[in-house]
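Let me begin by presenting the structure, written as structure tokens, before commenting on it.
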Amino acid sequence: MLLSLIKILVFVAVVAGLTWGAARLTDVAGGAEIAMAGYEVTLGPLQLVLAIALLALLGWLLFKALGFLLALLRFINGDDTAVSRWFSRSRERRGYKALADGMIALASGEGETAMAKGRRAERYLRRPDLTSILVAQGAELAGDRRTAEGAYRELVQIDRTRFVGIRGLMRQRLAEGDTDTAMKLAKKAFELKPRHTETQDTLLRLQAEAHDWTGARATLDAKRRSGSLPRNVAKRRDAVLALSEARDVMDESLSIEAREKAIEANRLSPDLIPAAVMAARSYLAVGNSRYATRVIRKAWEAEPHPDLAQVFAEIAPEENPQARLDRFSVLIQSRPDHPETRMLEAELMIAAERFNEARRALGDLVETDPTARVLTLMAAIERGRGADDAVVRGWLARALTAPRGPQWVCENCHHLHPHWDPVCSNCHAFDTLAWTRPEEGEPNLPRGTEMLPLIVGGAGRTNGEGTVPAVREAGSTASPLPAQTATPATSGPEEAEIVAPGTAATTPEKTEGEALAEERK
């Protein structure tokens, strides 16, 4: 309404201006005399202005007529579209100008302007394969999802732009959380352009989230063949998918198929810790301890991990502490300087009541890498040496606030996970979890293996030579100690306490503040 009023006012102003100008020219004296071929014409000021305007109009018409004649000659010479192009040239100029203005508006972040220019360009050009893309992107920028969806549906109807339309609809469904429809659209887009990297990644992620491991492995193979993924990365991710498939099969209690999948995952990527753990347990399930040992040793050489030590202990659950220490020597000797190896050796030494050797096994970890597990080990060592309660509690107080050490961290969003998963639960990225230390300031997730996992929970035990201290910890963990000495830990606050030899584990656990206060006393 306001725009129409402005147009009327402008028109009235222009007419008034022209009228006033004509009146002023009428009042001006003088004029112009034109003599040519025996004819003489005298023109007043107003007539002269009108004559000049008429000559300009005639010149423009002559120029257009010449252009039309040239187009007609090209048409006669065989150019079938010369005349039609001549008539549509002006519309094309206006249409492409509107299209260019719309692209500039889109780049400037002006979604509404981009949509308006796209619609204007469509009126002149009749090219929905160009203008609908501009309208769709402008609508997305402006937050108009309905207009964007309509534009994408128009693109789906055109062969040249079908992939663009499907991809746009897929992204809209992903934003809405409709993963089922998004997966169907991703599969269709993948059929149209199997080498498109973004479509490959999206389809792979959606298939992994839906536990469609067979389809995900087919997508991964296509991604590898297209050259968009290095062979070693593709091999590892194939192992991740095989491992995930094995876990799902195991949940369905199909043990034979689960063992085959787990062993295949370990074969594809021997350094993948969860695959090595599952493969070793698969071998143990059929009594093949030799192959289970070989799997754990190979994975330990690549990356020592508490879960590997736990499974290695399950190979001989009834052995005594000294026999276990001797058997674990193959792991200790393969990576002797790794912090996980040193902590493992110290725990086994504590279990064998060799406390001085346990302290030597820790080395300088107490100074260079004082994690909660290292400090708790020191508390157990000091208790075994017969140190005062204040010393032991001082180590435990430090352990409560110390960093947890390596955890499963997403390399994409740095989210912490209590256990390994093929897909990050926070950013939904595939195969981004790594066993590493979280960034400073990130919260630490509690894990059973953090607070002295290999030491017995409950009261101290005796073996005829002396009493071995025990550690009570939050959360239960499997222990690589002999079965007769391993008792499940009780759930409670996230803290550990060295239990005095010969006493029952019934004393309430002290808080961090109480422990620090007693240490000061």
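- Residues forming a side chain to side chain donor-acceptor pair (under 3.5 Å) with Glu209 (at least two apart in sequence, or on another chain): Arg205, His428.
- In this structure, Arg173 does not pair ionically with Asp180, as no charged nitrogen and carboxylate oxygen lie closer than 4.0 Å.
- Put simply, the side chain of Asp307 does not reach to within 4.5 Å of the side chain of Val311, judged on heavy atoms.
- Classification of Glu347 and Arg373 as a salt-bridged pair holds, one side-chain N sitting under 4.0 Å from a carboxylate O.
- For Ala186, the side chain to side chain contact (heavy atoms under 4.5 Å, CB included) test picks out Met170, Leu203, Leu206, with sequence neighbours left out.
- Ala292 pairs by the side chain to side chain contact (heavy atoms under 4.5 Å, CB included) definition with Ala280, Tyr283, Leu284, Ile315, not counting sequence neighbours.
- Using a 4.5 Å heavy-atom cutoff, the side chains of Cys424 and Leu433 are in contact.
- Evaluation of the ring-ring contact (aromatic ring centres under 6.0 Å, His included) rule for Phe163 yields His196 as partners, not counting sequence neighbours.
- Salt-bridge check for Arg383 with Asp389: passed, with a basic side-chain N closer than 4.0 Å to an acidic carboxylate O.
- In this view, Arg195 satisfies the salt bridge (charged side-chain N to carboxylate O under 4.0 Å, His left out) rule with no residue, not counting sequence neighbours.
- For Asp326, the side chain to side chain donor-acceptor pair (under 3.5 Å) criterion is met by Gln322, not counting sequence neighbours.
- Residue Thr376 holds its OG1 atom at 11.0 Å from CZ of Arg398, rounded to the nearest 0.5 Å.
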